[in-house]
Amino acid sequence: MQNSKLMQGFTKFAVKLGNQIHLRSLRDAFATIMPLYILAGLAVLLNNTVFTWIFKGKALERIQYWGVVITNGTLNISGILIAGLIGYQLAKNRKFTNPLASAMVSIATLIVMMPNTVQVIPDVAKKAVSVSAVMPFSNLGTGAMFSGVIVGLLATEMFVKLSQIKALHINLGQNIPPAVGQSFDVLIPILIVISFFAVISAMLNNMAGMNLINLITTFIQEPLRHVGTSLWGTILLYSLGNLLWLFGIHQAVIYSSILEPLLIVNITQNIVAYQAHKAIPNIINVSLVQSFGLIGGSGCTLCLLIAVFLVSKNKAARTVGKLAVAPGIFNINEPVIFGYPIVYNISMAIPFVLISYTATTLGLMSPCVIQVPWTTPVFLSSFLATAGDWRAVIVQLIVVVLGVLIYIPFVKMNDAVVVAQAGN
């Protein structure tokens, strides 16, 4: 009875966490922007591998222009994009009638919080010079992603609350176009929100010589990212997410809402560094986790399916395996999770968590520098994620073999449990 109450309490907490409106908005925003990161990874991969095999000199420089402008339109403005998407998603989740206005306010507010004067290094000079009225990619792109998240959340919450005050509405009547009416309806809240953040920006600049982007990056983004995506931080968060499966709750509650955004920041930094031929800063990132900790889906369940085909004598398990293997190749594992089942199946709990964090910590190959779609099949995913490092395929093969060996005794154990239950 006590265990049942504990399970129910944990389940309620996990569901509440998954439905928390800010985490849900964050998850939705990053899910929306994901295709751009995948496109950026593809462009960087082609620019630095395939194109270099085919073209040389000026021809290579001209063809690489294609990849450079794609990077500029994706990674290098990702801070701006994520601010607008969070503004939209949060307003939408708040049931606000004008989410596009929230996106606009979030983007404008983030620009307002950026410095008006920046330090740049011209090609003809070796030291930095001050330049006014410019917005470098360092303030718009991956370095501003957390700033975009925080500003997007704060500006949207303030804007939505002010927009609910009827005294601040301007009603022009019914004989005007709807778009004009909606615009004037939120005019005063927009003025208040952007002006408020502009005052903060001016105070930071004039009194401390700083700006919010640098403050957030230095004191929030980097400490949180280093802790959350450290070896032990990733193991803890990812294992906790997998533990939720045992209670019938999708691990995305933890993974997609908390861990994945941090891992995405890491891979975007890796892509930028790889594009610039600099040292790769982050071993642990979203591609590493997906390619080596999600083989077949959460818990490396493709290894489980292989183990089932090798040793299981249970007809139901083998039937589920046959049905689950096709989606499992593309890392879709709900059929095996709920059909085997892993949910509420104690004999599967240990390897489910064990394989995940063991595979995630492997770094015996080049760092992952490309974000590949999560549905990319095994072996191809590791090859692409590391920009064509064949050693990554060998490491992934080792992970698969190890995963199968670990799962085999638990598959046998599960067969024995099924037989015993049938006898009773």
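As the structure is a prediction and not an experimental result, all values here were calculated from the model.
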Visitor: From Trp390 CH2 over to Ser382 OG, what is the distance, rounded to the nearest 0.5 angstrom?
Guide: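 The distance works out to 12.0 Å.
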Visitor: With rounding to the nearest 0.5 angstrom, report the CD1 to SG distance, Ile271 to Cys368.
Guide: 10.5 Å
Visitor: Test your reading of the model: is there a side-chain donor-acceptor pair from Thr301 to the backbone of Gly296, 3.5 Å cut-off?
Guide: yes
Visitor: Answer whether the closest heavy-atom distance between the side chains of Phe30 and Val149 falls below 4.5 Å.
Guide: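 Result yes, sub-4.5 Å side-chain heavy-atom pair found.
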Visitor: Check whether any side-chain heavy atom of Asn72 lies under 4.5 Å from a side-chain heavy atom of Ile77, and answer yes or no.
Guide: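 Answer no - side chains too far apart.
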Visitor: Decide if atom CH2 of Trp66 counts as having more than 12 heavy atoms of other residues, nucleotides or ligands within a radius under 6.0 Å.
Guide: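 For Trp66, atom CH2 is crowded (more than 12 foreign heavy atoms under 6.0 Å).
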Visitor: Measure across Ile280 and Pro367 and return the closest heavy-atom pair with its distance rounded to 0.1 Å.
Guide: CG2-CB, 3.6 Å
Visitor: Determine the minimum heavy-atom distance between Ser102 and Ala91, stating which atoms define it.
Guide: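 In this case the closest contact between Ser102 and Ala91 is OG-CB, 3.2 Å.
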Visitor: Looking at every heavy atom in both Ala273 and Pro281, which two are closest together, and how far apart are they?
Guide: CB-CD, 3.8 Å
Visitor: For a 4.5 angstrom cut-off between non-hydrogen side-chain atoms, does Ile329 reach Val378?
Guide: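 No; the side chains remain at least 4.5 Å from each other.
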Visitor: Between Lys278 (side chain only) and Tyr274 (backbone N and O only), is there a donor and an acceptor less than 3.5 Å apart?
Guide: no
Visitor: Give the C-alpha distance, both sets of side-chain angles, the deciding distance and a yes or no for side chain to side chain contact (heavy atoms under 4.5 Å, CB included) between Leu140 and Met114.
Guide: CA-CA 9 Å; Leu140 299 175; Met114 291 182 180; 3.7 Å; yes
Visitor: Are the side chains of Ile111 and Ile80 in touch, meaning some heavy atoms are under 4.5 Å apart?
Guide: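 Touching, per the 4.5 Å side-chain cut-off.
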Visitor: For side chain to side chain contact (heavy atoms under 4.5 Å, CB included), just list the numbers for Lys92 and Asp28, CA-CA rounded to whole Å, side-chain angles, deciding distance to a tenth of an Å, and then say yes or no.
Guide: CA-CA 11 Å; Lys92 187 178 176 181; Asp28 294 343; over 6 Å; no
Visitor: Ignoring hydrogens and geometry beyond distance, is a side-chain donor-acceptor pair present between Ser25 and Gln89 at under 3.5 Å?
Guide: no
Visitor: For the side chain of Asn285 and the backbone of Asn282, is there at least one donor-acceptor N/O pair under 3.5 Å apart?
Guide: yes
Visitor: Would you mind reporting whether Ile264 and Met34 have side-chain heavy atoms less than 4.5 Å apart?
Guide: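 Touching, per the 4.5 Å side-chain cut-off.
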Visitor: Only one of Asn47, Asn48, Leu46 forms a side chain to side chain contact (heavy atoms under 4.5 Å, CB included) with Val44, so which one is it?
Guide: Asn48
Visitor: What distance do Leu60 atom CG and Tyr65 atom OH have between them, rounded to the nearest 0.5 Å?
Guide: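 Going from CG on Leu60 over to OH on Tyr65, the span is 15.5 Å.
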Visitor: Looking only at heavy atoms, which two atoms of Arg318 and Ser312 are closest? And how far apart?
Guide: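 Of all heavy-atom pairs spanning Arg318 and Ser312, the closest is NH1-O, 3.1 Å.
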Visitor: If every non-hydrogen atom of Ser291 is compared with every non-hydrogen atom of Gln396, which pair is closest and at what distance?
Guide: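 Smallest interatomic distance, heavy atoms only, reads O-NE2, 2.5 Å.
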Visitor: Show every donor-acceptor pair shorter than 3.5 Å between a side-chain atom in residues 184-211 and any protein atom, with sequence neighbours excluded, or say none if there are none.
Guide:
{"residue": "Asp185", "atom": "OD1", "partner": "His169", "partner atom": "ND1", "Å": "3.4"}
{"residue": "Ser195", "atom": "OG", "partner": "Leu191", "partner atom": "O", "Å": "2.6"}
{"residue": "Ser201", "atom": "OG", "partner": "Val112", "partner atom": "O", "Å": "3.0"}
{"residue": "Asn206", "atom": "ND2", "partner": "Ala202", "partner atom": "O", "Å": "3.1"}
{"residue": "Asn211", "atom": "OD1", "partner": "Ile213", "partner atom": "N", "Å": "3.1"}
{"residue": "Asn211", "atom": "OD1", "partner": "Asn214", "partner atom": "N", "Å": "3.0"}

Visitor: Is any side-chain heavy atom of Lys322 less than 4.5 Å from a side-chain heavy atom of Phe309?
Guide: yes
Visitor: Quick check for you: to the nearest 0.5 Å, what is the distance between Gln371 atom CD and Asn270 atom CG?
Guide: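 Result: 11.0 Å between the selected atoms.
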Visitor: Would you say Tyr88 and Thr156 make side-chain contact, with heavy atoms under 4.5 Å?
Guide: no
Visitor: Rounded to the nearest 0.5 Å, what's the gap from CD1 on Ile86 to CG on Leu153? Could you check?
Guide: 5.0 Å
Visitor: Should Ser287 and Ile370 be marked as a side chain to side chain contact (heavy atoms under 4.5 Å, CB included) after you check the CA-CA gap, both sets of side-chain angles, and the distance that decides it?
Guide: CA-CA 7 Å; Ser287 289; Ile370 304 297; 5.7 Å; no
Visitor: Do you know which two heavy atoms are closest between Ile295 and Val399, and how far apart they sit?
Guide: CD1-CG1, 3.6 Å
Visitor: Does the side chain of Thr386 come under 3.5 Å of the side chain of Ser366 through a donor N or O and an acceptor N or O?
Guide: no
Visitor: To the nearest 0.5 Å, how far apart are CE in Met145 and CD1 in Ile150?
Guide: 12.0 Å
Visitor: Run Val400 and Leu302 through side chain to side chain contact (heavy atoms under 4.5 Å, CB included) and show every step you take.
Guide: CA-CA 8 Å; Val400 171; Leu302 188 61; 5.8 Å; no
Visitor: Is Ile267 close to Tyr37 at the side-chain level, that is, under 4.5 Å between some pair of heavy atoms?
Guide: no
